[in-house]
Each structure stands twice: as C-alpha cells, then as structure tokens.
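Start at 1 and go down the list; that is how both ligands and their atoms are numbered.
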Amino acid sequence: MNKIIRKQQFSEKVFCLEVEAPLIARSCRPGNFIIVRVDNHSERVPYTIAKSDPVKGTLTMVIQEVGRSSTKLCQLNEGDEIVDIVGPLGTPSHIENYGTIICAGGGIGIAAILPILTALKQAGNRVISVLAGRTKELVIMVDDVKKYSDEVIIMTDDGSYGEKGVITVGVEKVIQREHVDKVLAIGPPIMMKFTSLLAKKYGIPNDVSLNTIMVDGTGMCGACRLTIGGKTRFVCIDGPEFDGDLVDWDEMFKRMGTFKDIETSPNPSEGG
Ligand code: FES
C-alpha cells in the first residue's frame with residue numbers, strides 16, 4: 001500500500017499527488033514511469049513521475065481526470081492509500097549535452113518533461129522550455145520548470161497566460177531565432193505529432209514520449225505495441241521515448257481510440 005501524503009489541486013480536473021513509494025523513489029531515473037492500480041477493482045494505468053524524493057521516499061505524480069480510474073485516484077485524499085504502484089518502468093531518457101534543446105511540454109505533459117529537462121540542464125544543455133495549455137490553469141509547474149530552464153516561453157490557446165497560440169508557434173519562433181540541436185516534446189499525441197513534424201521540417205532531431213494504453217507494462221501483453229521506423233516496438237519497455245520522425249502517428253491515434261469507450265464506460269463490467 002502507498003500512502004498519499006500530499007494532495008494539491010492544479011485545476012478543475014488536474015491534481016498533484018505525493019505518495020510514499022520509497023523503493024521506486026530511490027531507483028527511478030528521468031523518463032521512467034509507473035503503473036498504478038488505485039484499488040482491487042481498478043485497471044492498471046500508467047502515470048509519469050513528475051518528481052522523486054529519495055530521502056523522503058516519495059513520488060509526485062500529476063493526474064488528469066479522463067476516465068474512471070483516474071477519477072477514482074483524484075478523489076483520494078491525504079492519508080488514503082493506493083493499493084499498488086509498480087515501477088520504475090520503461091527505458092530512461094538518454095541524457096547528454098546536445099547543446100541547445102527545446103523542451104516542449106503540453107498540459108500534464110509538463111509534469112512528465114520536468115525531470116527530463118532537469119537532467120538535461122544538469123548535463124550542460126541550454127534548455128529552452130516551451131509550455132502550453134488551453135488556458136492559464138492548464139499550464140502547470142511553471143516555477144519548477146523555470147528553475148532548470150535558460151528561458152521559458154508560455155503559450156495558451158486563449159491568450160490568458162503568456163502568448164496566444166499553440167505550442168508549435170512558440171517552438172518555431174525559437175527555431176527561427178537561433179540554432180537548435182534537439183527538440184523534445186511531451187503532451188497530447190496531436191501536440192507531439194505537430195511538434196515533431198515542425199522539427200523535422202527544419203531537420204532537427206526530435207524525440208517524443210508516447211502515452212499509449214498499457215496493461216502489464218513489462219512487454220508481455222502487447223497492449224502498447226506500435227510501429228516505429230517500420231518495426232514493432234513496445235512502448236512500455238522500448239520507450240516511452242522514441243525518435244518522433246519514426247512514429248506511425250496514424251496507428252498511434254487509432255490505438256489510443258481503441259480503448260476510449262471502455263475507459264469512459266459507467267459500467268464496471270465493461271472494463272477498467
Ligand atoms: Fe503490455 Fe506494453 S503494456 S506489452
């Protein structure tokens with residue numbers, strides 16, 4: 001059991017939970033993720049690790065209510081317990097000094113990109129973070145990102161924070177202004193697709209962190225399989241980060257949609 005020691009509400013449907021998970025907190029690396037089962041009747045859902053504190057033995061995760069399991073998780077309070085957390089899972093991010101790197105985070109993808117941009121900054125990169133959300137409330141963890149970025153550009157669809165426009169507008173502005181060695185994008189699949197295509201247009205290597213449906217998270221069930229560069233890959237063990245130029249985005253969107261009806265179904269017998 002993993003006790004929730006702190007709960008914070010970021011916006012109407014986005015919550016931040018700090019939970020006890022000492023073994024994972026000690027061994028996780030940037031880019032790793034966890035699979036959470038809220039209670040014995042819930043399905044296993046992957047979440048990214050926004051922060052880990054090896055001394056306190058805690059993990060911080062940011063959750064958006066999108067289906068039954070995430071809603072259940074968001075309804076828990078400080079002192080409540082989560083039945084199990086498995087991790088750290090996945091292949092950690094490759095961290096090196098690329099030079100100048102744009103870290104593009106959309107919505108709760110900002111929580112996922114935070115530990116990676118922190119490590120990239122510590123490796124000597126010039127980190128330019130471009131954060132985006134539909135409105136101000138959905139652009140989260142800005143102060144944390146600022147600590148490890150040389151520059152932070154904020155974009156919102158409605159102009160309520162930073163500049164008005166989508167994330168690619170902010171990313172392109174940087175690319176046209178100065179030499180960029182790499183782009184990393186984490187957020188909704190559509191945002192990652194267009195950020196990746198933009199980077200490709202300028203010949204810049206780019207990585208994305210895919211958030212497919214997962215079941216076991218250990219390469220056994222095949223739920224997360226995708227075609228990357230013409231080869232079948234399992235996001236849970238080969239990823240979640242991949243070269244954006246190699247992702248079959250049409251297949252990604254199709255597979256994301258496969259489980260949508262089950263996850264939002266009000267009938268527990270239909271899944272989740
Ligand atoms: Fe089962 Fe990846 S989640 S193979």
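Side-chain N or O atoms of Arg225 include none that pairs as donor or acceptor with a backbone N or O of Gly219 at under 3.5 Å. With hydrogens and angles disregarded, no donor-acceptor distance shorter than 3.5 Å links the side chain of Thr195 to the backbone of Met192. Under the 3.5 Å distance criterion, the side-chain polar atoms of Asp207 are left unmatched by any main-chain donor or acceptor of Leu184.
For atom 2 (Fe) of ligand 1, protein N, O or S atoms closer than 2.8 Å were enumerated as Cys224 SG, Cys236 SG, with waters left out.
At least one test fails for Lys121 against the ring of Tyr148: distance under 6.0 Å to the centre or angle within 45° of the axis.
By the side-chain hydrogen bond (donor to acceptor under 3.5 Å, both in side chains) test, Arg37 pairs with Asp84, sequence neighbours left out.
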For a salt bridge (Lys or Arg N to Asp or Glu O under 4.0 Å) check, start with the C-alpha distance between Lys51 and Asp144, then their side-chain angles and the critical distance, and finish with the verdict. CA-CA 10 Å; Lys51 295 180 193 174; Asp144 291 307; 3.3 Å; yes
